[in-house]
Amino acid sequence: MEDDPFLRKFQPSELKIASEFLTNCLPFLSRDLCKDCVNVLSDRIRSLDPEHCSKVGGEGNSKAGLESEGTSKIETEISFGTLSEVLGSVLPSRQAAETASPRMSWADMSQEDEFEEEDEEEESRKAIDASPMKTPEKPKLSREQREDLRLKNVKRKKDFICLERFKGKLVNVVDGLELHTGVFSAVEQKRIVDKVYELEERGRKGELRERTFTAPQKWMRGKGRVTIQFGCCYNYATDRAGNPPGILQREEVDPLPSLFKVIIRRLIRWHVLPPTCVPDSCIVNIYDEGDCIPPHIDNHDFLRPFCTISFLSECNILFGSNLKIEGPGEFSGSFSVPLPVGSVLVLNGNGADVAKHCVPAVPTKRISITFRKMDESKRPVWFTPEPDLQGIEPLPLDLNRSDSAARSAGSSSNHNGSNRRGGYGRRGGNNYETRGYYTPERSSEQYESREWSSSQRRGRPRPGRTS
């Protein structure tokens, strides 16, 4: 940095802000670059923060965060990753570059108590830096204030409309759907994805119970996605033993990882799921390019509502009372909801029990985690409720005000209409970023509804509004 006359004109604090901003934008700046170019760009951005550079030389490749299942305090927290760590999960290769000690940025300071914060390290770095050019320290918010600030910035869309004729009546088949964005920061998403990859590796090595990890052969397009089940073993179809679809009460799987219980507590405390329906099981789906989920309605061995969280890449989920299979991994329906990276889709009411849903063949790597609460009468015989998932209470929040604001933001750009095949719903566009990690600044409140096949959606511009 000393050799660059342009950079010498700025104070270290200004370069630090620029470094953090460029770090957040790096997944998009490096989208079409090769791995070597990405590493060069990553090192250049990282060099803008001289404090960070000094720690790289002193600490090497140290890495904070989750080290073992047995260390509950560390396991239950999501730590702040470095730039190279974030790149490792965005790029196709999962091999991480050399990383420095994790540090906190202003953009991700507001974390739930259980998500790891590195205030002490931040304070020590500030104490060491005695530069006279240092700008005055910004006023610090308490942990509760930071969490309250993030909670208020969560966007919640609950006014999905798709009118279809069902049992002789015209009904909104997606009533009960909710889409929540801004619940998990980019760093938190990175930590969760790393944990999923760790679990996948353990499953392939045979370190998880037999029915926990499943990696079937990809015998045709759309078949063979990896699944990891915790809390219960769910049977998707009648098996060779004659067991019908549903929870297999005598099959044993691994319990919920501690990190997943942290996620569940976040979902309850931040008003994504109600405290009367705390999930006690989950399934992780790891999609490779071309993998899909066919049209279905979730088994009623699980209570409503339930939710699914999306990671790594955006995809569309189709809804409708009459979804059609057009070919391997190809489906068509009357209503499509884009799922931004890091978003939480809640299914309840007609959206869970009248409309079927499916995920067409995905164009790139994707991970989803679906959290559900089992019907007590369907729980496995060995199941024991998790003590640390009892008595969770939501944080204070005026949901009525945030909901009305979301509705007013979307009402001006969306309208109801019909399409050629008789489906009805909200139309419009969306400009969600399809790669990298979700941040609220990249969100849009516009959604589209139209009966179309999944083959029309990949690789082509989405259809715009029609008159």
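Every side-chain hydrogen bond (donor to acceptor under 3.5 Å, both in side chains) that Glu386 has, sequence neighbours left out, goes to Lys261. For Glu178, there are no salt bridge (Lys or Arg N to Asp or Glu O under 4.0 Å) partners two or more places apart in sequence or in a different chain. Judged as a side-chain contact (heavy atoms from CB on, under 4.5 Å), and not counting sequence neighbours, the contacts of Val171 are Phe166, Lys169, Val173. The side-chain contact (heavy atoms from CB on, under 4.5 Å) check on Arg165 picks up Leu170, with sequence neighbours excluded. Taking the salt bridge (Lys or Arg N to Asp or Glu O under 4.0 Å) definition, one finds that Glu210 meets it with nothing, sequence neighbours left out. With sequence neighbours excluded, no residue satisfies side-chain hydrogen bond (donor to acceptor under 3.5 Å, both in side chains) with Asn348. The side-chain hydrogen bond (donor to acceptor under 3.5 Å, both in side chains) check on Asp298 picks up His296, His357, Arg372, with sequence neighbours excluded. Tyr234 pairs by the ring pair (Phe, Tyr, Trp, His ring centres under 6.0 Å) definition with Tyr236, Phe302, not counting sequence neighbours. Residues meeting the side-chain contact (heavy atoms from CB on, under 4.5 Å) test with Ser142, sequence neighbours left out: Glu144, Gln145. By the side-chain hydrogen bond (donor to acceptor under 3.5 Å, both in side chains) test, Thr384 is found to be paired with no residue, residues two or more places apart in sequence or in another chain being considered.
Leu323 and Gly333 get closest at one heavy-atom pair: CD2-CA, 3.5 Å. Among all heavy-atom pairs drawn from Leu318 and Ser336, the shortest one is CD2-CB, 3.6 Å. Contact record, Glu251 with Cys233: CB-CB, 3.9 Å, taken as the closest heavy-atom pair. When all heavy atoms of Gly342 and Ile309 are compared, the pair lying nearest together is O-CG2, 4.3 Å. Arg225 and Ile293 make their closest contact through CZ-CG1, 3.6 Å (heavy atoms, listed as atom of the first residue, atom of the second, distance). Taking all atoms of both residues into account, the shortest heavy-atom contact from Ala352 to Phe306 is CB-CE2, 4.1 Å.
A donor-acceptor contact shorter than 3.5 Å is absent between the side chain of Asn350 and the backbone of Asp175.
Of the residues Val226, Val359, Leu312, Ile367, the one that meets the side chain to side chain contact (heavy atoms under 4.5 Å, CB included) test with Tyr287 is Val359. Of the candidates Glu207, Glu201, Glu200, Glu200 is the only one forming a salt bridge (charged side-chain N to carboxylate O under 4.0 Å, His left out) with Arg204.
For the residue pair Gln229 / Thr212, no side-chain donor-acceptor distance below 3.5 Å is found, with atom types taken as modelled. There is a side-chain donor-acceptor pair under 3.5 Å between Glu326 and Ser332.
Between Phe335 and Phe160 the shortest side-chain heavy-atom distance falls below 4.5 Å. Between Pro328 and Glu330, the closest side-chain pair of non-hydrogen atoms is not below 4.5 Å. Inter-residue side-chain proximity for Leu347 and Arg304 is flagged as unmet; no heavy-atom pair is nearer than 4.5 Å. The side-chain heavy atoms of Leu389 and Arg265, taken from C-beta on, include a pair separated by under 4.5 Å. Ile263 has its side chain within reach of Phe184: a pair of non-hydrogen atoms, C-beta onward, lies under 4.5 Å apart. Between Leu397 and Leu151 there is a side-chain heavy-atom pair separated by less than 4.5 Å. Ile228 places a side-chain heavy atom less than 4.5 Å from the side chain of Leu208. For the pair Ile192/Ile369, a side-chain contact is recorded, criterion being any heavy-atom separation below 4.5 Å from C-beta on.
Listed by first and then second residue, the side-chain hydrogen bond (donor to acceptor under 3.5 Å, both in side chains) pairs that reach into residues 273-283 are Asp280-Arg379, sequence neighbours excluded. Each ring-ring contact (aromatic ring centres under 6.0 Å, His included) pair with one or both residues in residues 365-390, not counting sequence neighbours, would appear here, but there are none.
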Side chain to side chain contact (heavy atoms under 4.5 Å, CB included) between Val196 and Val193, intermediate numbers included: CA-CA 5 Å; Val196 170; Val193 168; 5.6 Å; no
Side chain to side chain contact (heavy atoms under 4.5 Å, CB included) between Phe331 and Ile325, intermediate numbers included: CA-CA 5 Å; Phe331 315 113; Ile325 300 176; 3.9 Å; yes
Pair Asn285-Thr227, side chain to side chain donor-acceptor pair (under 3.5 Å): steps then yes or no: CA-CA 5 Å; Asn285 288 291; Thr227 61; 5.6 Å; no
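A salt bridge between Lys157 and Asp159 is present, with a side-chain N of the basic residue lying under 4.0 Å from a carboxylate O of the acidic one. Ion pairing between a basic and an acidic side chain is recognised when a charged N comes within 4.0 Å of a carboxylate O; Arg366 and Glu314 show no such pairing.
Around the CD atom of Glu376, the shell of radius 6.0 Å holds no more than 12 heavy atoms that belong to other residues, nucleotides or ligands. In Lys356, the NZ atom is not crowded: 12 or fewer heavy atoms of neighbouring residues, nucleotides or ligands sit closer than 6.0 Å.
Leu41 contributes atom CG, which lies 8.0 Å from atom CG of Leu22 (distance to the nearest 0.5 angstrom).
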